[in-house]
Each structure stands twice: as C-alpha cells, then as structure tokens.
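For reference, the structure discussed in these notes is given below.
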Amino acid sequence: MMQPSGPQLRDIHLPPMPAWWPPAPGWWMLAALVLALAGFAFCSIRRYRRARWQRHKVLDELQRIGEQHARDGDKARLLAELHQLLRRVARRHDAQAIRQRGGVWKQTLSRVPVDASVLQQLLALDDWLYRPPAQFDEVAAIAAVRRWLQVALKPSRWKAVPVEQADA
C-alpha cells in the first residue's frame, strides 16, 4: 500500500455550543425594554383605576345627596351639599376654588367644557344659597351638577388657566 504524502487529516470538529448564560447584550436590552414597558403599563393601569374609583366615589356621593333629598325634602341642605361637592372637585384643579366668588368662580366652573345651560344652573346654585330655597328646580340642579362632574372628573378635559388669572 501506498503511504499518503502529507499529514493525516481528521474529521471536521464543530466548536462547542455557546452557553445560555450570560445572555448576549441584545437580550439584556430586550429584557430591560420589557421590564420598562411592564412598569409603565402597571403605573398607567393603576392611575386609570384610581381615577375611575374617584369618579365613582364622587358620583356615588351625588347619588346619595339626591336620595337624601328625596327622603327629607330639605332644599337648603341639598343646595349646601351640591355647592360643597362642586367646590371640592374644583379644588383638585384650582386650590383657590374654595374661596372664589362671583366672576372668578364662574371662570373656574367654565374651565370645564359644558353647555351654557349647565353652567347657568351651577352659577345659580351660588345665588340660591342665600335666598329662600323655594324657587329652584332640584332635579335640574342635580342633573347640572352630575353633568359638570362627569366632565370635570377627567383632568384632561379642563381648559388651561389664562396667564393673567394664574398670576393673580
């Protein structure tokens, strides 16, 4: 037999499979992105649920006020509680809302985009507090407060404060 001239060749050997740990930098970036998105989603869902819970809480309080009025028929108490509820919700967006009167209070109420009739009903609440309560429509007042609250409890719906009012 003939001897081959040259070195003896062996079969091709593949390198060992790469280890699964530590992952490549691309996997680390993907993991960080997934964690950031999960954190953002968690915070967004939590904020949405809290806002929804607060809306339901305020609207349930309005419902309770209406039911209380249906039981006892006390118009003065109804006016006071509706007015107080409006002030508390407005205070979330304007800290001075609890002290405002007249035109400034009207500007705060009008920052929520509602119909002019609803706005007039709400402004009349302020006047009815100091008059005999026999001359107002309770159902219309409660409906106006409910409509304003439904829009006002969504902070993105509020109009921005004018610059000259913000400086005052």
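In this chain, residues are counted from 1 in sequence order. These numbers were taken from a predicted model, which means no experiment stands behind them.
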(Q) Just verifying a value: how many Å separate T108 OG1 and H93 NE2, rounded to the nearest 0.5 Å? (A) 11.0 Å

Q: Give, for atom CG of L59 and atom CZ of R64, the distance between the pair rounded to the nearest 0.5 Å.
A: 13.0 Å

Q | Residues forming a side-chain contact (heavy atoms from CB on, under 4.5 Å) with Q120, sequence neighbours excluded | A | L123

Q | Atom pair CG/CH2 of L122 and W105 - distance to nearest 0.5 Å | A | 8.5 Å

Q) Which distance, rounded to the nearest 0.5 Å, do you find between the CD of Q84 and the CG of L125? A) 13.0 Å

Q | Interatomic spacing from CD1 in I98 to CG in L86 - rounded to 0.5 Å | A | 14.0 Å

Q. Who are the side-chain contact (heavy atoms from CB on, under 4.5 Å) partners of A143, not counting sequence neighbours?
A. none

Q.
Is there a side chain to side chain contact (heavy atoms under 4.5 Å, CB included) between V114 and Q121? Walk through the geometry before answering.
A. CA-CA 11 Å; V114 291; Q121 242 344 341; over 6 Å; no

Q) Got a second to check how far L153's CG is from R92's CZ, nearest 0.5 Å? A) 5.5 Å

**Q.** I65 and V145, any side-chain heavy atoms less than 4.5 Å apart
**A.** no

Q.
Let me check something: do L62 and V151 share a hydrophobic cluster, defined by ILVMFWY side-chain heavy atoms less than 4.5 Å apart, either directly or through other members?
A. yes

**Q.** Partners meeting side chain to side chain donor-acceptor pair (under 3.5 Å) with R87 (sequence neighbours left out)
**A.** H83

Q: Could you tell me which non-hydrogen atom of L82 sits nearest to which non-hydrogen atom of A141, and how far apart they are?
A: CD1-CB, 4.3 Å

Q: Start with the C-alpha gap between D94 and R111, add the side-chain angles, then the distance that decides, and say whether side chain to side chain contact (heavy atoms under 4.5 Å, CB included) holds.
A: CA-CA 10 Å; D94 187 357; R111 286 181 51 207; 4.0 Å; yes

Q. Under the side chain to side chain donor-acceptor pair (under 3.5 Å) test, which residues partner Q96, sequence neighbours left out?
A. R99

Q. Between W148 (side chain) and V118 (backbone), is there a donor-acceptor pair under 3.5 Å?
A. no

Q: Sort and list the pairs that fulfil side-chain hydrogen bond (donor to acceptor under 3.5 Å, both in side chains) and have at least one residue in residues 29-53, not counting sequence neighbours.
A: none

Q: Kindly give the cluster partners of F42, where membership spreads through any ILVMFWY side chain lying under 4.5 Å from a current member.
A: none

Q.
Under the criterion side chain to side chain contact (heavy atoms under 4.5 Å, CB included), I'd like the reasoning laid out for K75 against H69: C-alpha separation, chi angles, the key distance, then a yes or no.
A. CA-CA 7 Å; K75 291 183 180 184; H69 174 68; 3.9 Å; yes

**Q.** All side chain to side chain donor-acceptor pair (under 3.5 Å) counterparts of R88, not counting sequence neighbours
**A.** E61

**Q.** side chain to side chain donor-acceptor pair (under 3.5 Å) partners for E81, two or more places apart
**A.** R77

Q | side-chain contact (heavy atoms from CB on, under 4.5 Å) partners of R10, counting only residues at least two apart | A | none

Q.
Applying salt bridge (charged side-chain N to carboxylate O under 4.0 Å, His left out), can you list everything that pairs with D127, at least two apart in sequence or on another chain?
A. none

Q: Supply the members, apart from W21, of the Ile/Leu/Val/Met/Phe/Trp/Tyr cluster built from side-chain contacts under 4.5 Å; use none for a lone residue.
A: W20, W28

